[in-house]
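A, B, ... follow the sequence lines: proteins, then strands. Residue 1 opens every chain.
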2 protein chains.
Amino acid sequence: MFSKACEYGIKASIFIAINSYESKLVSPKEIAKEIDSPQAFTAKILQALVKHDIVNSIKGAYGGFEIDKNKIAKVKLAQIVNAIDGDAIYNGCGLGLHKCDEAHPCPVHDKFKSVREELKFMLENTSLEELALNIKSGASFLKV
Amino acid sequence: MFSKACEYGIKASIFIAINSYESKLVSPKEIAKEIDSPQAFTAKILQALVKHDIVNSIKGAYGGFEIDKNKIAKVKLAQIVNAIDGDAIYNGCGLGLHKCDEAHPCPVHDKFKSVREELKFMLENTSLEELALNIKSGASFLKV
DNA sequence: TATAAATAGGATAAAATTATCCGAATTAAA
DNA sequence: TTTAATTCGGATAATTTTATCCTATTTATA
Ligand code: FES
Ligand code: FES
């Protein structure tokens, strides 16, 4: 469904959010440990999230990553997915035609439409905040 | 969403089905041209579909690929996807945890569940027949 | 039986994704 | 101002996916 990079990006964002609530910066090392991902690769993904203005990086000694507290509720999954995988998953053609076009549909277009729209809706309406709160409360998990 | 191999596999199956209605065998060359895919790679995918008993191959001179006429309505998209990509797309965890487990859910589990179930339902209830008929009638297209 | 047309399948190559490594740049604190 | 901790970013490597090539095998027909 999503690329590994995107999976890591989502999980990393959630972990950063949790710590940002407590004004705590986290490092790629901590993140990788917590979400069970390769550290250097995770660092690269963090760079992408920083470039897309989803995550904030503080360079130098005692630095690390954070997300603005007042942004956590506003950041939606769709932004993260878009930053890493692009929008093909919910805007592209399911069978790889150059574009998904109502006027020139692929064989699965009508069947897929609702699935993809539900996915899109879900991604656009799920905030980092709710995902982070569920982790905090122990209702969901970032690894294993 | 799906791998290239799977996209080709689905489109190839539809094209074979259309021709099988007219008892016409088709070659990887014709298929690749019709679905705009690399021929040799397509041939490999056909081998997989044959092994999974979705497509029938007739070897030797005047041979080619076909699908049993009385099977076309019974073959569901899910079988093709499963044969090529496996079931991870609708049974695996959306964030890559080892398995999707109600008792140990990832942060997006509840949100994803319905999307994935709709996808699964769609794949399990869409037959090659209806896809082939829509191509035949000109309501949908296999390429561009 | 010989021939030609076709699928099967192994070997290889190219491209994309995933992953690692290391030095440069940055910055807080001693 | 020096040091140490840390992100940034380029180079490289490993793995997986996608794609190509070539030969072997199969089989209908002449
Ligand atoms: S054209 Fe293929 S999904 Fe719309
Ligand atoms: S545990 Fe991740 S989708 Fe179910």
Problem set entry | Which nucleotide in D/dG9, C/dT26, C/dA8 has an atom nearest any side-chain atom of B/Val50 | C/dA8
Write down the distance between [atom1] ([X]) and [atom2] ([N]), rounded to a whole number of angstrom.
X	N	atom1	atom2	result
B/Gln47	C/dA11	CD	P	14 Å
B/Lys59	C/dG9	NZ	C1'	11 Å
B/Phe41	C/dA11	CZ	P	18 Å

Exercise. Is there a donor-acceptor contact under 3.5 Å from the side chain of B/Glu34 to the main chain of B/Ile31?
Worked result: no
For this session: Please check if the side chain of A/Glu30 supplies one atom and the backbone of A/Ser27 the other of a donor-acceptor pair under 3.5 Å.
Result: yes
For this session: Determine, for A/Lys111 against B/Glu130, whether the closest basic-nitrogen to carboxylate-oxygen distance falls under 4.0 angstrom.
Result: yes
Problem set entry | Residue list, side-chain contact (heavy atoms from CB on, under 4.5 Å) with B/Glu129, at least two apart or on another chain | B/Tyr21, B/Ile72, B/Ala73, B/Ser127, B/Leu133
For this session: Among B/Leu131, B/Ile16, B/Ile35, find the one that has a side chain to side chain contact (heavy atoms under 4.5 Å, CB included) with B/Lys11.
Result: B/Ile35
Exercise. Does one side chain, of A/Lys120 or A/Asn91, offer a donor that lies under 3.5 Å from an acceptor on the other?
Worked result: yes
Can you list, by residue number, the residues of [range] that have a non-hydrogen atom closer than 4.0 angstrom to DNA chain D?
range	result
residues 61-69 of chain B	B/Ala61
residues 82-97 of chain B	none
residues 2-40 of chain A	A/Val26, A/Ser27, A/Pro28

Problem set entry | Members besides A/Leu25 in its Ile/Leu/Val/Met/Phe/Trp/Tyr cluster (side-chain heavy atoms under 4.5 Å) | A/Ile58
For this session: List in chain and number order the residues that pass salt bridge (Lys or Arg N to Asp or Glu O under 4.0 Å) with B/Glu117, two or more places apart in sequence or in another chain; answer none if no residue qualifies.
Result: none
Exercise. Using a cut-off of 4.0 Å on non-hydrogen atoms, how would the nucleic acid contact of B/Ile58 be classed: base, sugar-phosphate, or nothing?
Worked result: sugar-phosphate
For this session: Evaluate the ring planes of A/His104 and B/Phe141, with Trp represented by its six-membered ring, and classify them as parallel (under 30°), tilted (30 to 60°) or perpendicular (over 60°).
Result: parallel
For this session: Anything under 30° is parallel, anything over 60° is perpendicular, the rest tilted; go ahead and classify B/Phe41 against B/Tyr8.
Result: perpendicular
For this session: Assess whether one donor atom and one acceptor atom, taken from the side chain of B/Lys44 and the base of C/dG10, lie less than 3.5 Å apart.
Result: yes
Exercise. Do you know the tightest heavy-atom contact between A/Gly9 and A/Ile84?
Worked result: CA-CD1, 3.8 Å
